[in-house]
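Report on one structure; see the data block that follows.
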Amino acid sequence: MDAQTDRPADTVVVLDFETTGLSPNQGDRAIEIGAVLVEQGKVVARFQELMNPGFRISSFIASYTGITNSMLRNAPPCGEVMDRFADFIGDHALVAHNASFDSRFLDAELQQIGRTRSGAFACSMLVARRLYQTAPNHKLGSLVEFKRIPTDGVFHRALADSEMTAKLWLVMLEELRGEHGIDPVSFPFMQKLSRTAKGAVPRLLERAAR
DNA sequence: TGCCAGGCCCTCTTTAGGGCCTT
């Protein structure tokens with residue numbers, strides 16, 4: 001397996017942002033980053049830091065995340081945290097639930113400090129939409145419940161959500177290996193699966209099987 | 001004052017509209 005072009009899907013950084021809103025283009029900023037480094041299917045490192053966006057967060061965000069203005073008052077600024085986080089992710093492949101959201105914030109925050117990422121993104125939500133077409137919906141919490149993945153009951157905090165996303169990701173990889181006979185599962189295959197029309201998913205899985 | 005995300009994906013589609021998902 002080519003280390004650069006065909007990386008294994010079980011060695012990734014799974015990340016999750018809590019933010020002041022939905023769009024960095026509208027001035028929203030990150031307020032917390034959580035991530036786990038997964039190597040060969042095992043969590044080997046964790047990253048979690050609050051960061052001060054430089055303005056007060058709304059009561060909605062405080063209520064939604066449990067992160068308050070007083071918690072952020074003495075937190076380091078976004079740039080300082082993101083510089084450390086960029087070192088944490090290195091050139092690893094990246095995974096997030098609804099990756100288009102987290103990739104926008106990651107790239108916007110890195111741009112603020114003149115850094116970039118090299119790792120490609122995959123989206124656990126898009127893969128889950130293909131694999132679990134009978135799930136009631138594809139919210140992270142619903143999928144965790146659907147797959148009976150144990151949790152500590154914490155939701156909408158960055159590290160907890162990244163841990164749950166990592167567990168969901170590994171469950172999907174295990175099903176692709178065990179039930180569909182695809183081994184090894186490469187990161188590019190997961191990206192391809194996430195972009196395959198739902199009706200064509202069975203044929204893709206069949207072709208990829210041993 | 002009024003407006004305000006963006007990408008994916010389905011369908012009563014493709015010269016479009018609206019729900020889902022993330023905070």
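Note that the coordinates shown come from a computational prediction; the quantities given were computed from them, not determined experimentally. Residue numbering restarts at 1 for every chain, and letters A, B, ... go by the order of the sequence lines.
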Looking only at side-chain atoms of [X], point me to the closest of [options].
X	options	value
A/Leu22	B/dG6, B/dA5, B/dC10	B/dA5
A/Asn98	B/dT23, B/dT22, B/dC10	B/dT22
A/Ser100	B/dT23, B/dC8, B/dG7	B/dG7

In whole Å, I'd like the distance from the [atom1] atom of [X] to the [atom2] atom of [N].
X	N	atom1	atom2	value
A/His138	B/dT22	NE2	P	11 Å
A/Ile33	B/dT23	CD1	C1'	13 Å
A/Tyr64	B/dT22	OH	P	6 Å
A/Glu109	B/dT22	CD	P	20 Å

Heavy atoms only, 4.0 Å cut-off, all strands: where does [X] land among base, sugar-phosphate and nothing?
X	result
A/Thr20	nothing
A/Arg129	base
A/Leu126	sugar-phosphate
A/Asp102	nothing
A/Phe17	sugar-phosphate
A/Asp28	nothing

Q. For DNA chain B, whose closest nucleotide is more 5', that of A/Leu140 or that of A/Ser194?
A.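 Closer to the 5' end of DNA chain B: A/Ser194.
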Q. In terms of the nearest nucleotide of DNA chain B, which residue is placed more toward the 5' end: A/Lys139 or A/Ser23?
A.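 Nearest nucleotide further toward 5': that of A/Ser23.
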Q.
Taking side chain to side chain contact (heavy atoms under 4.5 Å, CB included) as the definition, give me every residue that meets it alongside A/Thr165, ordered by chain and number, with sequence neighbours left out.
A.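 Side chain to side chain contact (heavy atoms under 4.5 Å, CB included) check on A/Thr165 returns A/Val14, A/Val95, A/His97, A/Ser124, A/Leu140.
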With a 3.5 Å cut-off and sequence neighbours excluded, list the donor-acceptor pairs that the side chains of residues 72-81 of chain A form with protein atoms.
none

Q: For A/Phe105, check ring-ring contact (aromatic ring centres under 6.0 Å, His included) against everything at least two apart and list the hits.
A: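 A/Phe105: ring-ring contact (aromatic ring centres under 6.0 Å, His included) contacts with A/Phe101.
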Q.
Please give the distance between the C1' atoms of B/dG2 and B/dG7 as a whole number of Å.
A.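 It works out to 26 Å between them.
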Q. Quick one: NE2 on A/His92 to OG1 on A/Thr11, what's the gap to the nearest 0.5 Å?
A.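 Nearest 0.5 Å value for the NE2-OG1 distance: 7.0 Å.
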Q | Strand-adjacent residues in residues 143-170 of chain A, judged by heavy atoms under 4.0 Å from DNA chain B | A |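 Output list: A/His156, A/Asp161.
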**Q.** Pairs where residues 28-41 of chain A contributes a residue and the test side chain to side chain donor-acceptor pair (under 3.5 Å) is met, not counting sequence neighbours
**A.**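 Residue pairs with at least one partner in residues 28-41 of chain A: A/Thr20-A/Asp28, A/Arg29-A/Glu109, A/Glu32-A/Gln48, A/Glu32-A/Arg157.
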Q) Does the A/Trp169 side chain pair with the main chain of A/Ala9, one donor and one acceptor, at a distance under 3.5 Å? A)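 Yes, because the side chain of A/Trp169 sits within donor-acceptor range (under 3.5 Å) of the backbone of A/Ala9.
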**Q.** Residues that A/Glu174 engages under salt bridge (Lys or Arg N to Asp or Glu O under 4.0 Å), provided they are two or more places apart
**A.**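 A/Glu174 satisfies salt bridge (Lys or Arg N to Asp or Glu O under 4.0 Å) with A/Arg177 once adjacent residues are dropped.
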